[in-house]
Amino acid sequence: MAEFLLKTKIKKNKIKWWSVASCGIHAEIGSPISANSKTALEEVGVAVTKFLPKQLTQQIIADSVLVVCMTQNQKQMLEECGNVVCVKDICGYDIPDPYGCDINVYRMTRDALDGACDKIIQDFILQYKD
């Protein structure tokens with residue numbers, strides 16, 4: 001959900017100097033976006049296109065300007081890799097994975113991600129504008 005939300009906001013803000021991709025620490029390669037994620041995003045007008053889960057690698061981290069983890073625990077797993085922050089560093093709260101929960105938990109997660117994406121754009125992405 002974070003990837004689709006941030007891409008939508010970047011496009012809306014006419015940001016052309018930043019790209020976004022999501023990766024998982026334990027990604028289920030080949031699995032589609034969950035039905036609840038898709039529903040929660042479409043409810044707020046976010047188009048859900050092809051989704052190809054990717055496993056996070058050291059090379060992806062090295063090639064990235066910024067890696068944003070959803071939780072502080074995820075960040076701790078990756079801290080030695082460099083350029084890694086977590087949503088809690090940016091917004092003051094973690095965003096736990098809603099996997100397996102009901103649609104209302106996905107909606108709450110979407111709304112938390114929405115606020116985090118705004119802060120990421122303001123505090124990081126706009127700082128890199130040429």
Side-chain angles (χ1 to χ4, degrees):
M1 286 194 295
E3 176 180 347
F4 286 112
L5 283 166
L6 191 52
K7 281 182 175 180
T8 299
K9 288 175 177 284
I10 284 173
K11 184 175 181 179
K12 183 179 176 183
N13 285 286
K14 298 181 175 129
I15 295 170
K16 298 184 188 298
W17 62 91
W18 199 271
S19 62
V20 176
S22 65
C23 297
I25 294 173
H26 304 290
E28 292 182 27
I29 305 303
S31 62
I33 188 168
S34 74
N36 281 343
S37 290
K38 187 174 191 281
T39 298
L41 290 169
E42 289 175 343
E43 286 175 350
V44 294
V46 174
V48 177
T49 56
K50 287 189 272 183
F51 177 71
L52 300 171
K54 290 185 287 192
Q55 184 67 39
L56 184 65
T57 66
Q58 178 57 46
Q59 189 61 52
I60 291 171
I61 293 171
D63 291 344
S64 299
V65 172
L66 180 68
V67 175
V68 181
C69 299
M70 297 296 105
T71 67
Q72 197 166 24
N73 285 341
Q74 291 170 337
K75 176 188 169 186
Q76 289 171 348
M77 292 171 58
L78 303 171
E79 272 185 317
E80 295 177 13
C81 298
N83 65 332
V84 176
V85 298
C86 65
V87 171
K88 191 169 188 170
D89 296 333
I90 299 166
C91 300
Y93 54 85
D94 279 336
I95 300 180
D97 189 346
Y99 184 76
C101 296
D102 69 34
I103 187 63
N104 291 320
V105 175
Y106 279 80
R107 289 176 179 133
M108 288 187 295
T109 301
R110 175 203 61 213
D111 294 345
L113 285 167
D114 188 66
C117 289
D118 289 340
K119 288 282 289 170
I120 290 166
I121 289 170
Q122 187 64 43
D123 295 352
F124 293 94
I125 297 173
L126 291 178
Q127 306 307 313
Y128 283 90
K129 185 175 182 181
D130 292 333

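- Residue C117 comes nearest to A2 through the heavy atom pair SG-O, 4.1 Å, listed as atom of the first residue, atom of the second, then distance.
- For the pair Q76/N73, a side-chain contact is recorded, criterion being any heavy-atom separation below 4.5 Å from C-beta on.
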Original post:
Should L41 and T8 be marked as a side chain to side chain contact (heavy atoms under 4.5 Å, CB included) after you check the CA-CA gap, both sets of side-chain angles, and the distance that decides it?
Top reply: CA-CA 11 Å; L41 290 169; T8 299; over 6 Å; no
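- The salt bridge (Lys or Arg N to Asp or Glu O under 4.0 Å) check on D123 picks up K119, with sequence neighbours excluded.
- Closest of all the heavy-atom pairs between P98 and V105 is CB-CG1, 3.8 Å.
- A chain of hydrophobic side-chain contacts below 4.5 Å, direct or via other Ile, Leu, Val, Met, Phe, Trp or Tyr residues, connects I90 to I10.
- Remark: the backbone N or O of K38 is not paired with any side-chain donor or acceptor of E43 at under 3.5 angstrom.
- Interatomic distance, M1 CE to M70 CE, rounded to the nearest 0.5 Å: 10.0 Å.
- Atom CG of L6 and atom CG of D114 lie 10.5 Å apart (nearest 0.5 Å).
- Residues passing the side-chain hydrogen bond (donor to acceptor under 3.5 Å, both in side chains) test with N13: none are found, sequence neighbours excluded.
- Summarising the local packing, CD of Q127 is surrounded by more than 12 heavy atoms from other residues, nucleotides or ligands at distances under 6.0 Å.
- Placement of V48 and L113 within a single hydrophobic cluster is found when ILVMFWY residues are connected by side-chain heavy-atom separations under 4.5 Å, directly or transitively.
- In terms of heavy atoms, C91 sits closest to G115 at SG-O, 4.5 Å.
- Within the 4.5 Å cutoff, side-chain heavy atoms of I125 are placed close to those of W17.
- Remark: S22 pairs with E3, F51 by the side-chain contact (heavy atoms from CB on, under 4.5 Å) rule, at least two apart or across chains.
- With sequence neighbours excluded, the residues that form a side-chain contact (heavy atoms from CB on, under 4.5 Å) with V44 are V46, R110.
- S31 and P53 get closest at one heavy-atom pair: O-CG, 3.0 Å.
- Among residue pairs with one or both ends in residues 91-101, none qualify as side chain to side chain donor-acceptor pair (under 3.5 Å); sequence neighbours excluded.
- Among residues two or more places apart in sequence or in another chain, the side-chain hydrogen bond (donor to acceptor under 3.5 Å, both in side chains) test is passed with N36 by none.
- A donor-acceptor pair is defined here as one N or O able to donate and one able to accept, closer than 3.5 Å; no such pair exists between the side chain of D111 and the backbone of M108.
- Residues passing the side-chain hydrogen bond (donor to acceptor under 3.5 Å, both in side chains) test with T109: none are found, sequence neighbours excluded.
- With a 4.5 Å cut-off between side-chain heavy atoms of Ile, Leu, Val, Met, Phe, Trp and Tyr, the cluster of I61 takes in I25, L56, I60, V67, M77, L78, V84.
- Using a 4.5 Å heavy-atom threshold, the side chains of F4 and S37 count as separate.
- Judged as a side-chain contact (heavy atoms from CB on, under 4.5 Å), and not counting sequence neighbours, the contacts of L66 are W18, V68, V85, F124.
- Under the 4.5 Å side-chain criterion, counting only non-hydrogen atoms from C-beta, I121 is in contact with L126.
- Residues that satisfy the salt bridge (Lys or Arg N to Asp or Glu O under 4.0 Å) test with K88, not counting sequence neighbours, are absent from this structure.
- Every pair passing side chain to side chain donor-acceptor pair (under 3.5 Å) that includes a residue from residues 49-59 is listed here, sequence neighbours excluded: Q59-D63.
- For the side-chain contact (heavy atoms from CB on, under 4.5 Å) test, residues two or more places apart in sequence or in another chain that qualify with N104 are D102, R107.
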